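Quick caveat, the model's predicted, so the values are computed rather than measured. We're numbering straight along the sequence, starting at 1.
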Amino acid sequence: MNYSQLMARVAKTQRAVDAGLDRRQFLKISAGVGVGSFGLAVFPAHAQTEGGALKPQQSPAAFLKVAPNGDVTVLVNRLDFGQGVATSLPMLVAEELDADWSRVRGELAPAGEAYKDPGFGIQMTGGSNSVKNSWQQYRELGARARAMFVAAAAQRWKVPASQVQISNGVASAGGRKATLGELAAEAMQQPVPAGVVTLKDPKHYRIVGKPVRQLSGAAKSTGRQAFGLDVQRPGMKTVLIARPPVFGAKVASFDAAAARAVKGVVEVLQVPLDRGASGVAVVADGYWSAKLGRDALKPQWNTEGVERVDSALQLAMYRELASRPGIKVREADVSKLAEAPMKISAEYFFPYLAHAPMEPLNCTIELKDGSAELWLGSQFQTIDQMTVARVLGLKPEQVTLHTMMAGGGFGRRAVPSSDYVMEAAQIAKAWRERGHSAPLKVVWSREDDIRGGYYRPVHLHRVEIGHDEQGNVLAWQHRIVGQSILMGTPFEQYLVKNGVDGVMIEGVADTPYQLPLALDIHHPKVNVPVLWWRSVGHTHTAFVMETLIDEIARNTRQDPVALRRRLLGDKHPRHLAALDLAVQQSGYGKKALPKGRAWGVAVHESFSSVVAYVVEASLDNGQPVLHSVTAGVHCNRAVNPLNVEAQVQGAALMGLGTTLPGAAITLKDGRVEQGNFGDYTVARMPQMPAISVHIVPSDEPPTGMGEPGLPPLAPAFANAIAQITGKPMRELPFRLT
């Protein structure tokens, strides 16, 4: 099971998250939350329909509000944390509504029944599925709303609906005109079409498929965009938590008096934390007071019975596991391995990776009698809402969760345990029990964020390949060792099959190459919390597969592009189209490279999209340098080509970051050794190569683009360096010696 399939079954976990709650009680949030304010005309939440009842996710009631001046606000059922979904989804509504795009705005929706993903059954952002899963939904929302405006105009002018046209936010018929704003009050009284609605012929699109700048771009570039860290509430206090340096440890002692002596410190609270740990929360008037108060705590920790992970010992353990068979995932005849004329024996190693978003984790929470209100950049609104309800003894509908714009996340804001949200609720509960009522903003420092766990897991691959002089693979024995992301979570009973976590093997078990590949795996248990990281298992499987294909090409003196085409055959036209486009646009094989440079190639599918890279790289004083990147992208229909380009650029830079020295989380005696960008490397602007993005034209429904640009970058870069040095790259970050 790959990640997309995994997430398609997430809805079932609602029963597992809290077996004590009746399934029917979950999130009975009004479909019209927050859309009736400020004098805006909105569609009635329980409007009369034509053709049968609508599901909450299908009604314009929860998604659209139109101001008298014609401004159109589209509520977005996702988190936008830079991927631009607060622009792409409004584009779909505006296209079908025929709104004036200059008057369209996007607004992040709160947690609510109407905003659950149509495919997953929970409100979430992940798996690069935002546009893919809401493509049909948001177009139909726009089409239903358009039909209501047409009906309102026809009723006003007493003409057949067939005579009413809407274009660029203006309805017209027989010389009469009215803006959507002028018609909104009447439109909201019309029945909502509930049957099959007619969608616009793509040949008439004037918004979808055009390069559109993000609606939030101006606010972000001028500092006016509000993020979770910017939330302010009357009387609000700031909270920092002293967390144990070893995962799962508990507080043994601390100096509360010393912390309270710091000016601005209001309260010191010992609280339960994630994964059975405990910590100390310092509540203060502001961040600096909270920090100084935390510094004064001098906590001692009880690590009895808690594993103290050491990276060197962990690698040795993984190597020992890789020396023996594991759980079989994919079987093939590998009997020809011993007699193959040419062989490759390879071990690959990938470290823990922190998500390290620019905006660290944070959550603002305010308790009232019988209810709670939160503000945060959540990727898992449904699960976070249920978790808070459980901690506070409330029903989910008594918890209001406002989705804030977030400064990155890469999966860290989608935690099955809702760790940082659960901790905020525990602190608010203890705060209330001490007789306080002021809202709290729980903030993670950069060091808290990087040392706080939920990393991309460590993985070790061991591969034995036998092939002939023509590059025909005779046998491919593949073994992977790595922690399961899902074991130990409420999702395990649904999403781990026969002891195999499918997210670890995606990209190998389902390789598009025609190979006699046998795969088995080990899932060791390690006291380090792990989680999906942008592109999940593809972060390591793409590197292994694409560098090995190149190695076969070098061993047999074949062109690596030609070998890929042959191994792909005729069953993967999207791979071939993306690869051919990247090759064509880069000038690969046609233009002469400067002395010392080499080409690198990789192509990989993830989240139903294919990205191929052709790169130019060199060595400068022994250090790899990436000069240029040409991308060929097959994501079916590109709703916003400019956004696709931006996602590929960002993903490529993040993928490049995994190759740089210092891009690793390591542990010694159970403690994470890195704490900030001074000792945990992320790619910076000076490392950014020239990059051009080219999209394969397609009329098929869109596929995901938030993550697919990351996996093939590192192997393409590695393949270029291997062309120069003659030595294969077996590790991320790169190690040349």
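For Tyr454 and His355, the ring centers sit 6.0 Å or farther from each other.
Ser698 meets the side-chain contact (heavy atoms from CB on, under 4.5 Å) test with His634, Asn636, Glu700; sequence neighbours excluded. Residues passing the side-chain contact (heavy atoms from CB on, under 4.5 Å) test with Ala562, sequence neighbours excluded: Asp559. For Asp117, the salt bridge (charged side-chain N to carboxylate O under 4.0 Å, His left out) partners two or more places apart in sequence, or in a different chain, are Arg78. The side-chain contact (heavy atoms from CB on, under 4.5 Å) check on His694 picks up Leu581, Gln585, Thr630, Ser692, with sequence neighbours excluded. Evaluation of the side-chain contact (heavy atoms from CB on, under 4.5 Å) rule for Leu567 yields Tyr513, Leu515, Ile549, Leu563 as partners, not counting sequence neighbours.
The structure places CD1 of Ile521 at 9.5 Å from NE2 of His459, a figure rounded to the nearest 0.5 Å. Here the CG-OG1 distance, from Leu653 to Thr658, works out to 10.5 Å after rounding to the nearest 0.5 Å.
Taking the charged nitrogens against the carboxylate oxygens, Asp520 and Lys328 have no contact shorter than 4.0 Å, which rules out a salt bridge. Salt-bridge annotation for Glu546 and Arg564: present, with a side-chain N of the basic residue lying under 4.0 Å from a carboxylate O of the acidic one. Between Glu347 and Arg462 there is a salt bridge, since a side-chain N of the basic residue sits under 4.0 Å from a carboxylate O of the acidic one. Salt-bridge formation is not detected for the pair Glu673/Lys668: no Lys NZ or Arg NE/NH1/NH2 atom is positioned less than 4.0 Å from an Asp or Glu carboxylate oxygen.
For residues 718-737, every residue pair satisfying the ring pair (Phe, Tyr, Trp, His ring centres under 6.0 Å) rule, not counting sequence neighbours, is listed here: Phe717-Phe734.
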